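Nothing here was measured: the structure is a model prediction, and the numbers come from that model.
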Amino acid sequence: MLTWVMLLAVLPALAEDVPFNGRTLQVDAEQEARPILRMASSRYSINRSAEQLVNQAQACLATVAGATAGTADPAQGSLQGSLQVNYRARFASFTARSQLRMEAGNGYFQFVQTDLTETQDGGTDANAQGGPISQKASGWEKAVGALAQSEDKLVDCLYR
């Protein structure tokens, strides 16, 4: 009995994978609002080393509006950063944000976005209401789509 209790404590919340424009969204299926926990891109193949990919991705982040580079470990094939994009939906301005992680190996890379949030008012008002992007909320597709478009710019840059 104790083993089952320990196992249940270790298991993550019930999550559901949902396809979205060539990506996989992980949605918290236990909450009625169905917040989006993460968005993972396809695994891209490219003829470069992990170190080359991370170094090039750092340069690419500097060319994408709203992208910020964080910590990088080229030897381990990892890069942390963030994305912030403005978009219009429901007759209002919004800002979507996420934490971006690049996972690279010799000959491949993938992007994973977590902490997907949106704020109404385009992020210009410090008192604007915001929160996690939820699949049950109106306009969630536009928020996730705007973040995906910024990520696509990074992918395109890596293939140049």
Side-chain angles (χ1 to χ4, degrees), residues 10-31 33-87 93-124 126 128-135 137 140-160:
V10 175
L11 289 176
L14 183 61
E16 178 182 331
D17 288 343
V18 177
F20 178 81
N21 293 346
R23 292 171 171 77
T24 302
L25 304 179
Q26 187 179 62
V27 178
D28 184 346
E30 286 189 339
Q31 295 186 34
R34 297 179 54 87
I36 299 169
L37 304 173
R38 64 180 279 209
M39 176 171 58
S41 72
S42 299
R43 186 170 168 172
Y44 298 96
S45 295
I46 190 167
N47 191 20
R48 294 200 186 103
S49 70
E51 188 171 337
Q52 289 172 320
L53 286 165
V54 170
N55 289 333
Q56 186 176 357
Q58 284 182 292
C60 290
L61 279 169
T63 68
V64 175
T68 306
T71 59
D73 187 346
Q76 295 297 314
S78 69
L79 172 66
Q80 305 285 328
S82 62
L83 291 176
Q84 176 176 316
V85 294
N86 296 323
Y87 67 97
S93 296
F94 292 85
T95 298
R97 294 178 181 83
S98 71
Q99 294 300 308
L100 179 73
R101 183 176 76 246
M102 177 187 189
E103 301 166 350
N106 292 329
Y108 72 90
F109 68 93
Q110 179 178 30
F111 287 107
V112 176
Q113 294 186 51
T114 58
D115 299 326
L116 286 79
T117 61
E118 71 175 342
T119 306
Q120 189 173 353
D121 188 32
T124 58
Q129 295 296 316
I133 298 173
S134 297
Q135 199 177 32
W140 71 269
E141 297 96 336
K142 287 206 176 205
V144 174
L147 289 167
Q149 284 180 345
S150 287
E151 183 184 289
D152 287 344
K153 291 176 184 174
L154 293 171
V155 171
D156 291 345
C157 182
L158 286 167
Y159 277 101
R160 285 188 209 134

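The pair Asp152-Arg23 meets the salt-bridge criterion, with a side-chain N (NZ, NE, NH1 or NH2) lying under 4.0 Å from an Asp/Glu carboxylate O. A salt bridge does not link Glu151 to Lys153: none of the charged side-chain nitrogens sits closer than 4.0 Å to a carboxylate oxygen.
Between Val85 and Leu147 the shortest side-chain heavy-atom distance falls below 4.5 Å.
A donor-acceptor contact closer than 3.5 angstrom links the side chains of Thr95 and Asn86.
The CG atom of Leu37 sits 11.5 Å away from the CD1 atom of Ile133 when rounded to the nearest 0.5 Å. We find the OH-CD distance between Tyr159 and Gln56 to be 10.5 Å, quoted to the nearest 0.5 Å. Here Arg48 contributes atom CZ and Ile46 contributes atom CD1; the two are 3.5 Å apart, rounded to the nearest 0.5 Å. Separation of atoms OG (Ser150) and CD (Gln84) is listed at 10.0 Å; rounding is to 0.5 Å. The distance from atom CE of Met102 to atom CG of Leu61, rounded to the nearest 0.5 Å, is 9.0 Å.
Nearest approach of Leu83 to Ala67, heavy atoms of both residues: CD2-CB, 3.7 Å. Closest of all the heavy-atom pairs between Glu141 and Phe20 is O-CZ, 3.7 Å. Closest non-hydrogen pair, Pro132 versus Pro35, comes out as CB-CB, 4.4 Å. Considering all non-hydrogen atoms of both residues, Ser41 and Gln110 come closest at O-NE2, 2.7 Å. Between Arg97 and Thr119, the closest heavy-atom pair is NH1-OG1, 3.2 Å. Nearest heavy-atom pair, Ala72 versus Leu79, reported as atom, atom and distance to 0.1 Å: CB-CD1, 3.6 Å.
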For a side-chain contact (heavy atoms from CB on, under 4.5 Å) check, start with the C-alpha distance between Thr114 and Leu100, then their side-chain angles and the critical distance, and finish with the verdict.
CA-CA 7 Å; Thr114 58; Leu100 179 73; over 6 Å; no
Intermediate values then yes/no, side-chain contact (heavy atoms from CB on, under 4.5 Å), Glu103 and Arg101
CA-CA 6 Å; Glu103 301 166 350; Arg101 183 176 76 246; 2.6 Å; yes
Stepwise side-chain contact (heavy atoms from CB on, under 4.5 Å) check, Met39 with Val112:
CA-CA 6 Å; Met39 176 171 58; Val112 176; over 6 Å; no
Please report the C-alpha distance between Ile36 and Val144 in whole Å, then the side-chain angles of each, then the deciding distance to 0.1 Å, and finally whether the side-chain contact (heavy atoms from CB on, under 4.5 Å) criterion is met.
CA-CA 9 Å; Ile36 299 169; Val144 174; 3.6 Å; yes
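The aromatic rings of Phe94 and Tyr87 lie parallel to each other, their planes meeting at an angle below 30°, with 60° marking the opposite boundary. Using cut-offs of 30° and 60° for the angle between ring planes, the Phe109 and Tyr44 rings count as parallel.
Looking only at distances, a side-chain donor or acceptor of Ser49 sits under 3.5 Å from a matching main-chain atom of Gln52.
Taking a 6.0 Å sphere around CD of Gln76, one finds it holds 12 or fewer heavy atoms contributed by other residues, nucleotides or ligands.
No option in Leu53, Asn55, Val54 other than Asn55 meets the side-chain contact (heavy atoms from CB on, under 4.5 Å) test with Glu51. Residue Glu16 forms a side chain to side chain donor-acceptor pair (under 3.5 Å) with just one option from Gln26, Arg34, Gln135, and that option is Arg34.
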